[in-house]
Amino acid sequence: MSLRVGVIGTGMIGQDHIRRLTKVLSGVTVTGVTDIDPERAASAAPEGCQVFETPQALITSETVDAVVICSWGPAHEEQLLACIHAGKPVFCEKPLVTSSESALRVMDAEVAFGRRLVQVGFMRRFDADYRRLKAVIDGGTLGLPLMYKSVHRNASVPVGLYTSDMPLNDTLVHDADISRWLLSDEIAGVEVRLPRRSRQGGDLRDPHIVLLHMAGGAIVDVEISVNVSYGYDIRGEASCEKGIAALPNRPATVISDAHGIRQAIPEDWRERFIEAYDQEFREWIVAAGQGTATGPSTWDGYAATLVADAALRAVDSGNRETITMRDKPALYAQPVSQAA
Ligand code: NAP
């Protein structure tokens, strides 16, 4: 039987996920959509899909088995709690929520329910290149990972919508999550360094260098640049005791002509991670069909939120900010290395 899915938030990524759920993947039907803007919801609704007036009406509808949340971060907590209350599996785009207190409220509700229902949209864990990189690190032939370099460059971000805090509370969460997953470790401290400001972003504080101190002693350096102009450039490199494992640039046609030898660079996340998003939803559909969730969890969303909070504190203090996590509930006992 097809999994009947309701989508909350029909903006940029909501529309992209509706396309993949209706045109790419099987075993799933989008039966409901809702958005603050009813016209946007109506124009994104596939044929035969109901447009709901509110997220609550969509979540509690008998025609919706599972929910995909693509609204903006501050709305996620209320929508997640309503899904958990209704006992429905829910895929929530990152960030899980926008504060650690809010993450704890979602975690408490899921733990009280007694079964995992939430998967967070950390799609890098489903990317074939990242999975191969992790397999090499976990394989152990290179010895222990000592350092990891994560480069996160966007061509540009919307002027006016993006604030100086967003690279740290919205973008860094991807690098924090992938570092925890690749190195199978939690993040214990965060430092931030601010290089000369790029003139491409106006008043925006950009770029950032972030140091993530892993609990086991490895150090991750993250470059976040959100106005590089030339494209979407995601890189990773693990320095281990006996060698280096690097994430390759995406394979692309190599053009040789009078201007030299060159390859196209992805325009944005939709192009770079298109197969990762597909795979992320393939695995979610299987788990949601069984009334549960696998993959990145509420615990992982909580960890990323703590890193974002600590990074913002580190901008103000100039110091290394410590992260203290609550004890991990048994519901999330699976080691960080094995989720997805
Ligand atoms: P967007 O284009 O602004 O779309 C969000 C949509 O949700 C808008 O239509 C918005 O309406 C609507 N909305 C906001 N609050 C709502 C509420 N309480 N109930 C119902 N609808 C609501 O943003 P986006 O780029 O699609 O991003 C959506 C989420 O996906 C964000 O959490 C973002 O961080 C995440 N995201 C993840 C990735 C990834 O790589 N995994 C990439 C992009 C985005 P208004 O515009 O009227 O507020």
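Every number for a ligand or one of its atoms is a count from 1 in the order of the listing. The basis for the numbers below is simple: all heavy atoms, side chains too, and nothing from hydrogens, waters or symmetry mates.
- Summarising the geometry, atom CZ belonging to Phe273 is positioned 4.5 Å from atom OH belonging to Tyr232; distances are rounded to the nearest 0.5 Å.
- Between the side chains of Trp72 and Glu93, not a single donor N or O lies within less than 3.5 Å of an accepting N or O.
- Of the protein's non-hydrogen atoms, the one nearest atom 39 (C) of ligand 1 is Tyr277 OH, 3.3 Å.
- When the heavy-atom distances from atom 5 (C) of ligand 1 to Gly9, Pro74, Cys70, Cys92 are ranked, the shortest goes to Cys70.
- Of all the atoms in ligand 1, the ones that sit under 4.0 Å from a non-hydrogen atom of Trp72 are 14 (C), 15 (N).
- Residue Gly121 has at least one heavy-atom neighbour below 4.0 Å for each of these atoms of ligand 1: 41 (N).
- Classification of Asp177 and Arg180 as a salt-bridged pair holds, one side-chain N sitting under 4.0 Å from a carboxylate O.
- The aromatic rings of Phe91 and Phe281 sit tilted, their planes meeting at an angle between 30° and 60°.
- Checked against a 3.5 angstrom limit, the closest N/O atoms of Ile13 and ligand 1 fall inside it.
- Taking every heavy atom of Asp170 and a limit of under 4.0 angstrom, the matching atoms of ligand 1 come to 34 (O).
- A heavy-atom separation below 4.0 Å is found between His174 and ligand 1.
- Every atom of ligand 1 with a heavy atom of Pro55 under 4.0 Å away is listed here by number and element: 19 (N).
- Every atom of ligand 1 with a heavy atom of His76 under 4.0 Å away is listed here by number and element: 32 (O).
- Side-chain atoms of Gln200 and Ser229 form a donor-acceptor pair, as typed in the model, at a separation below 3.5 Å.
- Legend: residues meeting side chain to side chain donor-acceptor pair (under 3.5 Å) with Arg20, ordered by chain and number and at least two apart, are Asp16, His17, Asp278.
- Checked by atom type, the side-chain pair Glu283/Thr294 shows no donor-acceptor distance below 3.5 Å.
- Near Glu93, meaning under 4.0 Å from any of its heavy atoms, are these atoms of ligand 1: 30 (O), 35 (C), 37 (C), 38 (C), 39 (C), 41 (N).
- In the vicinity of Ala75, heavy-atom distances shorter than 4.0 Å reach the ligand 1 atoms 18 (N).
- For atom 17 (C) of ligand 1, the closest non-hydrogen atom of the protein is Gln79 NE2, 3.5 Å.
- A donor and an acceptor atom, one from each side chain of Ser239 and Glu237, are nowhere located under 3.5 Å apart.
- No N or O atom of Asp37 sits closer than 3.5 Å to an N or O atom of ligand 1.
- Residue, atom and distance of the protein heavy atom nearest to atom 12 (C) of ligand 1 are Asp35 OD2, 3.4 Å.
- A distance-only check finds a donor-acceptor pair linking the side chain of Thr34 to the backbone of Phe52 [under 3.5 Å].
- Considering backbone and side-chain N/O atoms, Arg40 comes within less than 3.5 Å of an N/O atom of ligand 1.
- Residue Lys94 places at least one N or O, backbone or side chain, under 3.5 Å from an N or O of ligand 1.
- The hydrophobic clustering, which links ILVMFWY residues whose side-chain heavy atoms are closer than 4.5 Å, places Val51 and Ile36 apart.
- Among protein heavy atoms, atom 13 (N) of ligand 1 sits closest to Ser71 CB, 3.9 Å.
- Remark: among candidates Ile36, Val7, Leu58, the nearest residue to atom 16 (C) of ligand 1 is Ile36, based on non-hydrogen atoms.
- Proximity of Val210 to Leu168: side-chain heavy atoms (C-beta onward) are separated by under 4.5 Å at one or more points.
- Distance check on atom 23 (O) of ligand 1: every protein heavy atom falls at or beyond the 4.0 Å cut-off.
- Taking distance alone, with nitrogen or oxygen atoms compared against 3.5 Å, Met12 approaches ligand 1 more closely than that limit.
- Near Pro95, the atoms of ligand 1 lying under 4.0 angstrom from a non-hydrogen atom of the residue are 32 (O), 34 (O).
- Judged by distance alone, with hydrogens and angles left aside, the side-chain atoms of Arg197 form no donor-acceptor pair with the main-chain N or O of Pro207 at under 3.5 Å.
- At the shortest separation from atom 4 (O) of ligand 1 among protein heavy atoms lies Gly11 CA, 3.3 Å.
- Residues Ile59 and Lys88 come closest through the heavy atom pair O-NZ, 2.8 Å.
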